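Have a look at the structure below, then the notes.
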Amino acid sequence: MRQPADELSIVGKSLIKPDAFSKVSGQTKFADDLALPRMIYGRILRSPHPHARILRVDTSRARAHPGVLAVLTGDDLPIKFGILPVSQDEEALAKEKVRYVGDPIAAVAATDEWIADEALDLIDVQFQELPPVMSIEQAIAGAGEPIHGTSNVHKTVALEFGDTDEALRAAAHVREDAVFFEGSTHLPMEQHAAVAQVAADGKLTLWTSSQTPHYVHRALGKVLEMPMSRIRVIATPNGGGFGGKSDIFAHELVAAKLALVTGRPVKITLTREEVFYAHRGRHPVLMKVKTGFRKDGRITAMQFQSFLDGGGYGSYGVASTYYTGALQATTYAIPRYRFEAVRFFTNKPPCGPKRGHGTPQPRFALETHLDKVAEELGIDPVELRRRNLPKPDSRTVNWLRITSIGLEECINKVVEGSGFLKRRTSMPAGRGLGFAVSCYLSGAGTAIYWNEMPHSEVQLKLDRNGGVSLLCGAIDIGQGSDHILAAIVAEVLGVSLEDIQLTTADTDLTPIDLGSYSSRVTFMAGNAAKAAAEKVRDRLFEVAAKALQCDPDELIARDHRVVRRNRPADGMDFAQAVQLAEAQDGLVTGTGSYTPPKLAGPYKGSGVGPSPAYSYSAAVVEVDCDSRTGEVRVPEVWIAHDIGRAINPMLVIGQVEGSVYMALGEALMEEQSFRLGLHKFPSLLEYKSPTALETPIMHTYLVETIDREGPFGAKEAGQGPLLPVIPAVANAIYNALGVRIDEVPITPDKVLKAMNDRSKRVGPKSVPAFDFPPLINADVPDEWKGK
Amino acid sequence: MEVLLPHSLEEALAIKGERPEATPIAGGTDLMVDLNFGRLRPAAMIDLSRVAELASWQQEDGHVFLGAGLTYATIVKEMPEFKPLVQASRSVGSPQIRNRGTVGGNLGTASPAGDALPVLAAYDADVVLRSRARGERSLAWHAFLTGPKKTAIAPDELIIGTRWRRLRGPGSFSKIGTRNAMVISVAGLCLVVDEENGAVKVALGSVGPTILRATEAEQQIAAAMTSSGAWQDSSITITEQVIDEFGSLVAAAAKPLDDVRGTAAYRRHGCRVLARRALIWALNERRLPAWL
């Protein structure tokens, strides 16, 4: 039963989130703040070579160093692991080979961090250096020893939905573009840290700044060969995640092993430099997009190719690869679609998910491509998008099910707010406006490991005094998931936020939530929380109705009262209702679970892309370019986001603004780039990301479409709003200077180079030749047959 | 590591005389980075932050003396009439770094990217050094800065400050960097006009092994202003061609390298752009009425 908005008392309000005061006053205990009696410190020896065979590791001098309690090598943790079941290719400590500078080789536990550091210098490793593979081109060339197995190709995809060649031949207009998106890292304020402790009975506890404690739990069980019931993983509040803490990391496994070996609590906190090498960030992707159009600008077919530079290990790479082709058709109605992709291993830190996972790169390709097409067709770029919008409650040609779409309203908001159509043709010199739109998932529709069980579960326990204990595996990574869970439960039960006692992300205490990734928590854990709250509310209504001699359907829960809807004086306190229920049949508890609908299409690879609902965003970016220095400033951004329903508008706006900020960093300056196998600038001093001074005025518009499957109609906010900003910057630079920078980041030297070049462009000329496997010709949904 | 804490200049000089290997530290904005990265492991450090004598500035006989311990924040607050110096100081790091960082540190580190250094070079400043054994000596800035992170300081000496003849005339400091704060510049430029001597001085940072002066450009523009009569009459227009030539000569004076922050070609180009702009600003400022 959906309640009309005017009856909601907490959902929809900009309330202060429960962890706000402890965060701003420095009282939040992050993983590195934990200190246990007799705790010792671990440090990890990492490879100085991008690609080398390990011939010998001699730890004898390190072991003899005073203060050292244990030294581990690959022999101590031989079982391979990985976040995806198909990519179990990592070792906590490399045994035979290192695959990037920073690859862990050995570990030391000592009475303090400095002694541990000294001991690392005393470990003698003999390497046989191998030629490194540092780019997509080198990976294709395939000279030297492959990084894994027999080839540097990690994953290929070749899918076709309908005959795209035929549709392109028949198109009135066809355009092809090649673009490159450089990798970047998450740059969370908090460095990764983990503390492991082994109890007297041998039970292991690991506190870790992780977005995915459930997956860490599974990996610990596997690698340590311990039953999961003997391991407890507690995720600590994350000082920024952005995808960078959603993998399983060597330091987590090593801290646990060192605690088991020494019997003492062990802490490992990565240095900032190690965080750059731990990475799992944005894949560098080279892309080609070819699209056919009718005269009126409607798309007839699209062919999309992605070449991903994956780094040394699989990580989330298989999913990332699919994501580069998944959401083109949820944003635009594409009748025929071909997607080919390849991910290569290279000798760089492994890439994985960063805010927008695998979709900002193709979004950049697609939205700059459409901007060029609009000009060629003589249609304004907004109108071209409007003519290609997909319909709500539809299925895309690649089988993705769309529920609500607020994209058109998003477009209207930013176009009107910025005066885009009028102003873009009359901007002063050096100024420009750019426009782009995007789409993102509200949670991945399939779990990382195959299973039929729920993706989120919530357990509630009601106290006699009216308090509510809420237990859920979700971890708040700063996005506000604690608030969302509490708000949903408080709303349903008619109590206030302060009445909700949260226990989260503790594998001993809390039921499963798969993790804070893929923008899934509000949608999935929110739905589970709502289901649990409704269950206990119904129980309370049952007993209260009996006492009040009315029908349970007449009751509502509001302001700590259970009352008759039409006779509010007729009722009882919420606590009284709990006491009645407890007296009748004991402890009042309720559980709720959420399993996304089965949405995968009938083809191999259809598991990546489906989501129970898609969010939509549109952005207009204004740039102020210095044509002499090539510098680009962004004074103002207008951004609209289809949030479904904003459970807390202040938090949503925070997520939107944070996304804009992060996008501008990627668009204009951030890059994870390498020289001679080494990260060029693994420090906050030289890895440039924007400061408050570069942050523009932002106009954020929230569009509410009240999605039928989201909790109270909510969809995601954490990732989607990043997506349109990067291509909108590029399109604005074209509007300002008439140059196309088809390569991210758009640095001043590229702008100048384009201005001085006859082509007025910087970017890849084409993509390299590569033999993709034969296309799998997937069936298309009925609604696209014959179109 | 030993940390020595002198409370007066005398004490500091005595310690430096006895422990010439000890590394002096003031704000630590460069040294702490090196310590943090393990690039520097001195046996001892002398913390100069308690030495009050170093943290002052004064004017006498048409000269300005700026103590080595003066922070950038203090310069911004107390020295508004020295505009290029204030502009350079304001572009250093972040508020926290400006509260700690000192001009003495910029001189001691002698990085070509030290933001205050092009200003001191354009002012033709001397660097004042003192040792307990031999007393005080002054070196011209270019004699002091001998190379990238290299200076002519003797092991028993401390940097006391810097001194320059006060100039009358407009000037500016500008720099190019990836962002507007907490950035090491890709190219920095200070231009000052010396009205009394009919000279224009241009110094470049981050585009060579040390701070560079664009002497040919200085002579070209001074001569052009002389021949056009612009020194006497600021309303006389300097032609676009002269300004272009000035920009080219400044760019030619740069000796940039490719590094992680930028390419040599972009840095040289940046010098040209900064030079043109700084000159145009200065010429415009000369035209402003005196009461403004």
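For clarity, every value in this text was computed on a predicted model and none was experimentally measured. Below, chain A is the first sequence line, B the second, and so on; all start at residue 1.
Of the residues A:K750, A:K760, A:R761, the one that meets the salt bridge (charged side-chain N to carboxylate O under 4.0 Å, His left out) test with A:D742 is A:R761.
To the nearest 0.5 angstrom, A:R43 atom CZ is 6.0 Å from A:E113 atom CD.
At a 4.5 Å heavy-atom cutoff, the contact between A:S689 and chain B is made by backbone and side-chain atoms alike. B:V33 touches chain A through its side chain: at least one heavy atom from C-beta onward sits under 4.5 Å away, while N, CA, C and O do not. When heavy atoms are compared at a cutoff of 4.5 Å, A:R272 does not approach chain B at all. Residue B:V260 touches chain A through both its backbone and its side chain, counting heavy-atom pairs closer than 4.5 Å. Heavy atoms closer than 4.5 Å to chain A are found nowhere in B:R272, neither backbone nor side chain.
Contacts with chain B were tallied for A:D117, A:L668, A:D626, A:T271; A:D626 has the most, counting heavy-atom pairs under 4.5 Å. When each of B:G38, B:G177, B:A181 is checked for heavy-atom pairs under 4.5 Å with chain A, B:A181 comes out on top.
Ring pair A:Y687/A:H679 is tilted by interplanar angle, where 30° to 60° counts as tilted.
Ion pair B:R19/B:E2 flagged as a salt bridge, since at least one NZ, NE, NH1 or NH2 atom sits closer than 4.0 Å to an Asp/Glu carboxylate oxygen.
A:Y277 has its ring centre no less than 6.0 Å from the ring centre of A:Y100.
Checked by atom type, the side-chain pair A:T185/A:K354 shows no donor-acceptor distance below 3.5 Å.
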